[in-house]
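A quick note: this is a predicted structure, and the numbers were derived from the prediction, not measured.
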Amino acid sequence: MTARGTWRIYLGAAPGVGKTYAMLNEGRRRAERGTDVVIGLVEPHGRPRTAAQIGDLEIVPRRRVRYRDAEFTEMDVDAVLARRPEVALVDELAHTNVPGSRNAKRWQDIEELLAAGIDVISTVNIQHLESLNDVVERITGVRQQETVPDAVVRRAEQIESVDMTPEALRRRLAHGNVYPAESVDTALANYFRTGNLTALRELALLWVADRVDEGLARYREQHGITEPWEARERIVVALSGGPEGDTLIRRAARLAARAGHADLLAVRVVPSDGLSAGSPQAVARQRALMESMGGTFHQVVGDDIAAALLEFARGVNATQLVLGSSRRPGWQALLGPGVGTTVARESGDLDVHIVTHERAGKGRGAARDGGPALSARRRATGWVLAVVGPPALTVLLTQAPHEFGLVTDILFYLALTVGVALAGGLWPAVAAAVLGSLLANWFFTPPFHTLTISDVDNAVALAIFIGVAVAVASVVDLAARRSRQAAQSNAEAETLSMLATSVLRGEQALPALLERIRETFGMTSVALLESGRDGWTVLGSTGPDPCADPDRADAQARVREGEGAGGRGETVLALRGRVLPAADRRVLSAFASRAAAVLEWRRLAEEAGHARRLAEGDRIRTALLAAVSHDLRTPLASIKAGVSGLRQADVSWDPEDEAELLATIEESADQLDALIGNLLDMSRLQTGTVSPLIQPVALEQVVPPALQGLPADRIEVDVPETLPPVAADPGLLERALANVLQNAVRHGAGPVLVSAGALRTGPPPGRVEIRVADRGPGVPEAAKERIFAPFQRLGDTPDGDGVGLGLAVARGFLEAMDGTLEADDTPGGGLTMVFALPVAVPSGAGARAHGGTGGSR
């Protein structure tokens, strides 16, 4: 089996930083060492220094592809595979191949080369990464039409950043080393502004830094390294679901800002013994607050909170850990160190910040039900005190310099028993009472050193002591249980309140509901399953390794019953992580009911959408039938009459009349052709099959063809040649402009003015406007949007003239090219149609012309 080739990518922040130069330089270096290197495809873009770097490197001839009566070239994948070099240089990773090529995208071509065992060196700009597409658009005002999935780039073994300061890149641009002289001013004033380049540079460096972090994490995992490496500041804030969480998050965010854009993570440890503590509303609020601060929210399951926090912090290579001051009352320190103290003691090289807050020392808040009233630690402490405490007290009393009476001794034992009851509950207190009574009888009740009691009063005192001790222990244990039950009821009430609130707000997102179930019950994963003929189908899931079969789940709840043969199957919630106690299943049933409502809402929404589509289709079909029966009848009748007249053998036509009839036939045929073309275009827009091929287009390429067939004396053109090219499909843009011009000429009075200009300031930047102004009657303000709907004839369009599709098709084409088409008033009267298109940035494959699309005729 052929070993897969290795992949190296040069990543740049913007065109012109030197990616292609670096790729060629690396190729030449390897060739000089004796490596077999070929150029699969390189784009010098007319840059002399880049072209000179090719030198004597072998170039595999490109494959020629014909598309739309034009010829283009692409990388010949078959030729490179047949040549089988050791290394292939392939430029412009995000490039979209011409339709008819072997693969749709160039990165797919590269995957074939890698699979064949050929090492590949390639290039890509940060703006072409799919995850950053919208971010780059907000920065530069230009949306990149050619993107590559981040996962594809991350598969490369090496990613090297080609960096250059914004000032240096702008100097290169000004010297003509990047674009031709006529494009320099436009590029410097738009895409290549210093702020834009600085932001793009930061994006590129951060993306590469994240890639370095991934490699570091893999190395640490492979070598079993758990101690933090302070290669980058990572701050973890520990949350409990209590009200102090907001304070901790803001404090941690300030620490992250002072550390220089450190990573910020929040973690909440959920115990595995029942419905998790903390308010669901507080947890949701804190999650949103953390995300608004640029951090991430995580949840882990663990009974030892301190150990779970440290394990998580070391797992993410954190450098600082932020915790809140303990909410426990001061006296509880006698029962053992708190979470903060334990974390600080065992943190090692991890810096720990203990942040005070208004809830410090005022009680822990909600406890949990679903088990013993007291924690395992408190029960263990109680048993230790019950076994060790009475003998130790006996030694103190026997060694005391002053001899107390029996009543006083018994009171000492009673106080000890009450302390054991407070610490460990009922049974440790009973054991302490029995052991204390035996020791008091042996050492302090005559006759001494026997279990015999000679005085009735002493026997009564010991009996009362045991009774009081057991009663106090029972009261303490009962109070703990009632407190726990109240906390459980409060947690359930808050959870149910949260569910009711989400219903009132209309929240219908299934993933959010499943994630809330997972967080509420401290599960590792939650899945919504539906039964069918072929087994269970996962309708939605959250968490790692979701359950695919309810029989393998740790807990489940029925969402809805099956509907029998041919209907929907049974639907259940399958939870994995731990077995739920009976008390928690009541709340789980409420979540199951909510899931059933979400599924029903989704089904109704799908049916409503289907009904809307059917209604829209019926409306369009009805309008189309009306158009065919009315608007197409006139040209057909004219053609029929003209042809019938010319075919009459008993009529002799003079040349002028014959020419007039032929002109009428031709005009009617053209009208039919335009109507049918608009109907087909509208059909393509309705079905979503319009796929524009975006490229830089100069307006002088599309305006003259759009004017063909229109009376020259009715058109005035004012389009400066200095305007930058726009990012558009030339065929679709020409069709849209032609439709609007025909409408303006047909229904306007006087000449129609076609003008254009660049929007250099104001939102959105980097766009070009084309304005088509007529002097017709205009359109009322309230109807300006309605004229773009199919089969509408309003304002300046008389009834019976066309099917009303021209403007709808034009706007559909513009929106498909990330442009807009709006109606405005012409000063002095009339209607102005305003086209707005993004300025083209001649970078990467976007600078190569591929011709039009199916919109051209």
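- In this structure a side-chain-to-backbone donor-acceptor pair under 3.5 Å is missing from S541 to V526.
- What you find for A592 and V559 is that their closest heavy atoms are O-CG1, 3.6 Å.
- In plain terms, the two heavy atoms of A527 and C547 that are nearest each other are CB-O, 3.4 Å.
- In terms of modelled atom types and a separation under 3.5 Å, the side chain of Q556 and the main chain of P550 share a donor-acceptor contact.
- The distance from the CG atom of L200 to the OH atom of Y191 is 5.0 Å, given to the nearest 0.5 Å.
- Smallest separation of non-hydrogen atoms from A318 and L350: O-CD1, 3.2 Å.
- Note that the CG atom of L321 and the CD1 atom of I235 stand 10.5 Å from one another [nearest 0.5 Å].
- When all heavy atoms are compared, the tightest approach of W107 to P149 is NE1-CD, 3.9 Å.
- Here E785 pairs with R811 in a salt bridge; the nearest charged N to carboxylate O distance falls below 4.0 Å.
- The backbone N or O of L265 lies less than 3.5 Å from no partner atom in the side chain of T296, so there is not a single donor-acceptor pair.
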The test is side chain to side chain contact (heavy atoms under 4.5 Å, CB included); show your working for D246 and R285 and say whether it passes.
CA-CA 8 Å; D246 297 14; R285 184 183 68 252; 3.0 Å; yes
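- The two residues R767 and T820 have their closest heavy-atom pair at NH2-N, 4.3 Å.
- Without hydrogens or angle criteria, R576 side chain to D545 main chain gives a donor-acceptor distance under 3.5 Å.
- Side-chain contact between L529 and V538 is present, with at least one heavy-atom pair separated by less than 4.5 Å.
- Residue-environment remark: CD (E311) stays at or below the threshold of 12 foreign heavy atoms within 6.0 Å.
- Nearest heavy-atom pair, V124 versus I9, reported as atom, atom and distance to 0.1 Å: CG1-CG2, 3.8 Å.
- Looking at W207 and R154, their side chains come closer than 4.5 Å, going by heavy atoms from C-beta outward.
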